[in-house]
Amino acid sequence: MAAIDFQQTLKQSQVQVMSQKQIQAMNLLAMGSYDLREEIYRQAEENPALEVRERGSTLSKKKTSPKRIESTRVSGKVSLSAQEASNTYQQAIEAKQDFRESLQSHLLSQLHMEALSKEEMALGEKLIYNLSDKGFHLLSPISFIGNKNTEEEKEMLSKVTSLIQSFSPEGCCTKNSEESLYVQARLKDKNQFLALFILNGRLDFINPPLADRATKKIISYLTEQKKMFALKESDEISKIEISDVTEDSVQKAIDFIRTLTPFPAQGFGTQEAHYVAPDIYVEEAPSAKESESLPEEDFSKGIVVCKEGSTQATVWKVRTAKDRLPTLSIDKTFEQFADSKNKAVTEGIKKARDFIESIQYRQDTLLSAVCVIVKEQQQFFKKGPGNLSALKQKDVADILGVHETTISRMANSKYIQCQWGLFEIKYFFTNAVSDTSKDQVLYQIKQILEEHKNDPKKLSDQKVADALAAKGINVARRTVAKYRSQLNIESSYNRQ
């Protein structure tokens, strides 16, 4: 048996280990404003050395729940700082009370107005609490009447379910959208026989919702079904004559169905409302000639200079939404003992300083990156949508000298406000398609289809590709089909 040979080998490798402060900085960079505010107040709760103040307020927020001052949502309570600072539009919104009512509360208030037995009332409450945020059953309603499932119990379940379905909003307490639509139609107009016929498990007849095609499908189906015997008088089929099924009657049924809502609980909910708000603003400064003194371009100060020819230049001012975040500082009481040997005090101060520096790093990175985006996408900011140039996250990272993942984190859940509206930062990153940005191709496809919308024969994807080629944009037919789908535009076969 061979002896076991032990050897020692020395290997040299280079490993980069991120410090806790670097990890924190990367995590904060990836957060949107809403999550960042939550994190700020969580840190303030844990670290008394960190002082948090709402801008425009003299009150310290070190131990106040962020739910009372979140600027991206309407709060159920009016904070004192919001009342004091309501001179600005954003802060005035923060001071508004929330009068929204949950779906369950709305339905229960109606249920308690009904003359029901104790058992029926208890069953109704169970059914209401069993509804999802869309108004549909979570568990099967049959599970609430016990194991016996007697005819009396089943009748009570049917009675209470039908009652709740008739409450406002109509169509709740159903198993899905299709059943909800059927219930709404029946409650709205029982004489809409054709619409009820379609909604009773036959929605595929109006897919697509074109009257001529739906008419053929319905007539073919009815012809086969009428040959069958023993049709119940309550069946919608027995109430429809084939001669009454015309394109006009089918179109009226489709129009009626369109007045219904597939999600009856829209407008109700138990969650707090969140509103998208800009993290950064881009504004155009007054035009200036090169002969005049142009401000020096400085991304750290949010100044972007875009030259236009030899005589004209556009200056853009980029600024972060400072009012979206509170101000941070070290608590003065802790600063007095900064040189003490108390370990808890020194660690608290260090953590607070690291956190403040990480927040500043996030803001500086956001400002610089958006300045590069403005520089590279100046045609968009000047002329609006449809003028984006091809730009990748790696391009911005190379210009700033950072890693591509840093730009990816920076762009996550953050928004730019400019003269053309509110846009997610990720919107400005677009790949090239035949030397043209995807945004421009999408814009041109939409323009071409709009110009030919009244043509007797709708443009096919190949015809659109040919029209793009005439404009110098060479893309394949399948690419046109994919982009047309992204624009929510039907194919030429289905377009009306």
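Note that the structure is a prediction, hence the values are computed from the model and not measured.
- Nearest heavy-atom pair, Ala211 versus Val250, reported as atom, atom and distance to 0.1 Å: O-CG1, 4.0 Å.
- Side-chain atoms of Gln363 do not come within 3.5 Å of backbone N or O of Ile359 as any donor-acceptor pair.
- By the 4.5 Å heavy-atom criterion applied to side chains, Lys426 and Asn412 are counted as neighbours.
- Between Asn207 and Leu203, the closest side-chain pair of non-hydrogen atoms is not below 4.5 Å.
- The structure places NZ of Lys126 at 14.5 Å from CG of Leu131, a figure rounded to the nearest 0.5 Å.
- Counting heavy atoms from C-beta on, the side chains of Cys172 and Val183 never come closer than 4.5 Å.
- Although no hydrogens or angles enter the test, the distance criterion places no donor-acceptor pair under 3.5 Å between the side chain of His403 and the main chain of Ala397.
- Residues passing the side chain to side chain donor-acceptor pair (under 3.5 Å) test with Glu247, sequence neighbours excluded: none.
- In this structure, a donor-acceptor pair under 3.5 Å is present between the side chains of Ser102 and Ser105.
- Ser166 approaches Leu163 most closely through the heavy-atom pair OG-O, 2.5 Å.
- In this structure, CD on Gln104 lies 7.5 Å from OH on Tyr129, to the nearest 0.5 angstrom.
- Within the 3.5 Å criterion, the main-chain N or O of Val480 finds no donor-acceptor partner in the side chain of Asp461.
- In terms of modelled atom types and a separation under 3.5 Å, the side chain of Gln43 and the main chain of Ile40 share no donor-acceptor contact.
- Across every non-hydrogen atom of Leu157 and Leu123, the tightest pair is CA-CD2, 3.8 Å.
- Ser140 and Lys175 share no donor-acceptor pair across their side chains, judged by distance under 3.5 Å alone.
- Here Asp212 does not pair with Lys216 in a salt bridge; the nearest charged N to carboxylate O distance is not below 4.0 Å.
- Checked against side-chain contact (heavy atoms from CB on, under 4.5 Å), Ser413 has no partners two or more places apart in sequence or in another chain.
- The 12-atom threshold is exceeded at CD of Gln419, counting heavy atoms of other residues, nucleotides or ligands nearer than 6.0 Å.
- Between Ile23 and Met26, every side-chain heavy-atom pair lies at or beyond the 4.5 Å cut-off.
- Taking 4.5 Å as the limit, some side-chain heavy atom of Leu28 sits within range of a side-chain heavy atom of Phe355.
- The shortest non-hydrogen separation linking Leu111 to Gly124 is CD2-C, 3.6 Å.
- Rounded to the nearest 0.5 angstrom, Ile416 CD1 and Leu422 CG are separated by 9.5 Å.
- By the 4.5 Å heavy-atom criterion applied to side chains, Asp189 and Leu196 are not counted as neighbours.
- Residues Ser180 and Gln184 have side chains that bring a donor and an acceptor to within less than 3.5 angstrom of each other.
- Look at Arg42 and Glu45 and you find no salt bridge, because none of the NZ, NE, NH1 or NH2 atoms lies under 4.0 Å from a carboxylate O.
- Distance alone, capped at 3.5 Å, is enough to place a donor-acceptor pair between the Glu120 side chain and the Ser117 backbone.
- Between Tyr415 and Tyr281, a ring centre-to-centre spacing not shorter than 6.0 Å is recorded.
- A 4.5 Å side-chain heavy-atom check between Ser33 and Lys414 finds every atom pair outside the cut-off.
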* Derivation and outcome, side chain to side chain contact (heavy atoms under 4.5 Å, CB included), residues Arg362 and Leu325 -> CA-CA 12 Å; Arg362 175 192 184 272; Leu325 299 175; 4.3 Å; yes

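- Under a cut-off of 6.0 angstrom, the local environment of NZ in Lys134 is sparse, with at most 12 non-hydrogen atoms contributed by other residues, nucleotides or ligands.
- Taking CG from Leu468 and CD from Gln447, the interatomic distance works out to 11.5 Å, rounded to the nearest 0.5 Å.
- The pair Arg53-Glu51 meets the salt-bridge criterion, with a side-chain N (NZ, NE, NH1 or NH2) lying under 4.0 Å from an Asp/Glu carboxylate O.
- Ring planes of Phe380 and Phe423: perpendicular class, angle over 60° (limits at 30 and 60°).
- Contact record, Ile206 with Ala214: CG2-CB, 4.1 Å, taken as the closest heavy-atom pair.
- Ring centers of Phe381 and Phe428: under 6.0 Å apart, within the cut-off.
- Considering OH of Tyr41 and CG of Leu50, their distance stands at 10.0 Å, rounded to 0.5 Å.
- No salt bridge links Lys159 with Glu155; every basic N to acidic carboxylate O contact stays at or beyond 4.0 Å.
- Note that CG of Leu181 is 8.5 Å distant from OG1 of Thr174, once rounded to the nearest 0.5 Å.
- For the residue pair Ser249 / Thr246, a side-chain donor-acceptor distance below 3.5 Å is found, with atom types taken as modelled.
- Between Glu178 and Asn200, the closest heavy-atom pair is OE2-C, 4.5 Å.
- Within the 4.5 Å cutoff, side-chain heavy atoms of Phe144 are placed close to those of Leu127.
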* Determine, stepwise, if the pair Arg186 / Gln165 fulfils side chain to side chain contact (heavy atoms under 4.5 Å, CB included). => CA-CA 11 Å; Arg186 192 181 60 203; Gln165 289 175 350; 3.9 Å; yes

* Would Phe256 and Thr259 count as a side chain to side chain contact (heavy atoms under 4.5 Å, CB included) if you check the C-alpha gap in whole Å, the side-chain angles of each, and the deciding distance to 0.1 Å? -> CA-CA 5 Å; Phe256 174 74; Thr259 64; 4.2 Å; yes

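- With hydrogens and angles disregarded, no donor-acceptor distance shorter than 3.5 Å links the side chain of Gln417 to the backbone of Ile280.
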* **Steps toward side chain to side chain contact (heavy atoms under 4.5 Å, CB included) verdict (Val52, Thr327)** => CA-CA 6 Å; Val52 181; Thr327 58; over 6 Å; no

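- Counted within 6.0 Å of NZ on Lys351, heavy atoms from surrounding residues, nucleotides or ligands total 12 or fewer; the atom is thus considered open.
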